[in-house]
Amino acid sequence: MASIIRPALLRQTALAASTRRAAGVSTNLAQQSVRSAILKDSTRCAAFHTSSRRSLLPPGPQVIKGGVNDPAPVPEPSPTHGSYHWVFDRAIAAGLVPLTVAPFAAGGLNPTFDALLCSFLLIHSHTGFQNIIVDYIPNGRYPKSRKGAMWLLNLATVTVGIGLYEFETNDVGLTEAIKRVWKA
Amino acid sequence: MNVSRVGVRALQQGAKPNVFFSQNLPRAAMAAKATTTMQTRPASTNKISETDGHSLLAAQRRQRPISPHLQVYDPTQTWFGGSIWNRITGGAFSGGLYVFGAAYLAAPLFGWHIESASMAAAFGSLPLAVKGSLKFLMAWPFAFHGINSMRHLTWDTAKGFSKKSVMSGGYAILGASVVSALGMVLFL
């Protein structure tokens with residue numbers, strides 16, 4: 001019977017020891033002791049991991065919404081940011097296929113279709129960059145960086161839009177320019 | 001000490017007349033038996049403030065194991081075969097478009113000449129080998145992104161995810177993109 005009890009006892013003793021360390025004796029020293037306890041525990045646990053720890057980036061700041069025991073909040077469903085945006089994204093991408101093939105097939109584009117190609121490329125680039133920002137700058141951890149990157153992208157897209165408008169107006173157009181450089 | 005055993009002994013003790021009431025019977029039974037070992041619970045709890053609780057949780061989360069490095073995944077699967085290269089090539093072209101668009105707008109301020117005529121003249125003055133390799137460097141990502149995007153649009157309809165079609169599709173797209181890039185460099 002003692003052999004049945006022993007693992008539970010052992011676990012309890014170990015847990016008690018670690019919580020006593022983790023909780024800290026006094027509240028003003030709590031944070032410091034918590035940190036050192038976690039460091040010690042993690043180095044002990046590391047021995048049980050089979051693969052080495054190779055972080056691409058250090059883990060960012062951890063943001064906990066609500067209390068310690070609250071679950072992670074589920075975002076409000078929004079088709080404008082979800083399915084509509086997704087379908088719009090794919091429609092632009094699918095529309096670009098005939099627009100890029102047409103110059104090869106017809107030997108050139110008229111100004112209207114050239115402008116359409118430029119607009120589609122700009123929107124496709126903008127949403128593509130947005131996807132990259134959304135993927136690599138998580139909003140929960142880096143809300144300021146996310147916002148800054150998005151506004152930087154908006155600014156860049158407007159600038160490039162004006163630049164492309166100027167190019168389309170004053171120069172020979174995108175497809176014709178690429179054609180001339182390619183055949184130079 | 002096993003709970004069910006305590007219960008049994010309590011029942012046995014309960015059969016005899018006892019001065020204690022029934023809720024004290026198990027404890028009385030335990031105390032009566034000299035060889036019984038009491039289970040000790042050395043776990044101690046401390047109250048910490050809510051902010052300390054938060055910082056403890058945040059610190060613990062920073063120590064959680066992270067996902068394995070990319071090298072543990074099979075590179076013939078979707079993420080490497082198509083997905084990330086679509087993003088890399090697309091990002092390169094979009095970045096190029098953005099740099100060109102912004103530079104064209106800023107060109108009069110800095111006296112740059114990036115009109116189509118001067119760019120064509122500059123490109124035409126390069127040696128043939130350099131021209132060819134630069135063209136291939138542009139043509140292959142263009143062809144790859146174009147062809148692979150169609151596979152992505154197919155994947156978006158939840159089709160073509162069998163292991164065989166992912167593998168064969170990946171190699172087919174790699175071959176088709178190289179062939180069409182060479183075609184664009186040589187014949188256009």
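What you see is a predicted model, and the numbers here were worked out from it, not measured in a lab. Below, read A as the first sequence line, B as the second, and so on, with proteins coming before strands; counting in each chain starts at 1.
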Practice task
Give, as side chain, backbone, both or neither, the part of A:Leu96 having an atom under 4.5 angstrom from any heavy atom of chain B.
Solution key: neither
Practice task
Using a cut-off of 6.0 Å, state whether more than 12 heavy atoms not belonging to B:Leu109 lie near its atom CG.
Solution key: yes
Exercise for the section: Measure distances from A:Asp135 to the heavy atoms of chain B and classify the residue's part below 4.5 Å as side chain, backbone, both or neither. Expected result: side chain
Exercise for the section: Treat each ILVMFWY residue as a node, draw an edge where side-chain heavy atoms are under 4.5 Å apart, and state whether A:Tyr142 and A:Val134 are in one component. Expected result: yes
Completion exercise
Whatever's closer than 4.5 Å to a heavy atom in chain B on A:His126 counts as both
Handout entry: Pairs of heavy atoms under 4.5 Å with chain A: top-ranked of B:Glu50, B:Arg87, B:Lys131, B:Glu115
Key = B:Arg87
Exercise for the section: Report yes if the side chains of A:Leu164 and B:Tyr98 come closer than 4.5 Å at any heavy-atom pair, otherwise no. Expected result: no
Problem - Option that, when pairs with chain A are counted at under 4.5 Å, heavy atom only, ranks first among B:Val99, B:Ile114, B:Asp156, B:Leu153 - result: B:Asp156
Exercise for the section: Determine whether B:Phe123 and B:Val185 fall in the same hydrophobic cluster, where Ile, Leu, Val, Met, Phe, Trp and Tyr are linked whenever their side-chain heavy atoms lie under 4.5 Å apart. Expected result: yes
Practice task
Please flag which part of A:Tyr165 lies under 4.5 Å from any non-hydrogen atom of chain B: side chain, backbone, both or neither.
Solution key: neither
Problem - B:Leu97 portion near chain A, given a 4.5 angstrom heavy-atom threshold - result: both
Exercise for the section: Treat each ILVMFWY residue as a node, draw an edge where side-chain heavy atoms are under 4.5 Å apart, and state whether A:Val181 and B:Leu134 are in one component. Expected result: yes
Practice task
May I ask you to test the B:Phe93-A:Leu121 pair for a side-chain heavy-atom distance under 4.5 Å?
Solution key: no
Practice task
Please determine, among A:Ala156, A:Gly161, A:Gly173, the option with the most heavy-atom pairs under 4.5 Å with chain B.
Solution key: A:Ala156
Exercise for the section: Among the options A:Ile162, A:Leu174, A:Asn170, A:Ile178, pick out the one with the most heavy-atom pairs lying under 4.5 Å from chain B. Expected result: A:Ile162
Completion exercise
A:Arg180 and B:Ala120 have their tightest heavy-atom pair at O-CB, 4.0 Å
Problem - Residue pair A:Gln62 / B:Leu57, side-chain heavy-atom distance below 4.5 Å - result: no
Fill in the blank from the handout: Correct closest heavy-atom pair for A:Trp182 and B:Met138 would be CZ3-CB, 4.2 Å
Exercise for the section: Take atom CH2 of B:Trp140 as the centre, draw a 6.0 Å sphere, and report whether it contains more than 12 heavy atoms from other residues, nucleotides or ligands. Expected result: yes
Exercise for the section: Heavy-atom pairs under 4.5 Å with chain B are the metric here; pick the option from A:Thr159, A:Asn131, A:Thr157 that has the most. Expected result: A:Thr157
Practice task
Verify the cluster assignment for A:Phe167 and B:Leu105: are they in a single hydrophobic cluster under the rule of side-chain heavy atoms below 4.5 Å apart?
Solution key: no
Exercise for the section: Considering non-hydrogen atoms only, spot the tightest contact between A:Phe129 and B:Ser94 and give its length. Expected result: CZ-CB, 3.6 Å
Handout entry: Option in B:Lys135, B:Met119, B:Arg61 with maximal non-hydrogen atom pairs under 4.5 Å from chain A
Key = B:Lys135
Handout entry: B:Leu188, part contacting chain A, at a heavy-atom distance under 4.5 Å
Key = both
Problem - Crowding at NE2, A:His85 (>12 non-hydrogen neighbours, <6.0 Å) - result: yes
Problem - Nearest-0.5 Å distance that lies between atom OG1 in A:Thr100 and atom NE2 in B:His145 - result: 9.5 Å
Practice task
Please answer: with hydrophobic residues joined when any side-chain heavy atoms are less than 4.5 Å apart, are B:Leu174 and B:Ile88 in the same cluster?
Solution key: yes
Completion exercise
Between A:Asp171 and B:Ser116 the two heavy atoms that sit nearest each other are OD1-OG, 2.5 Å
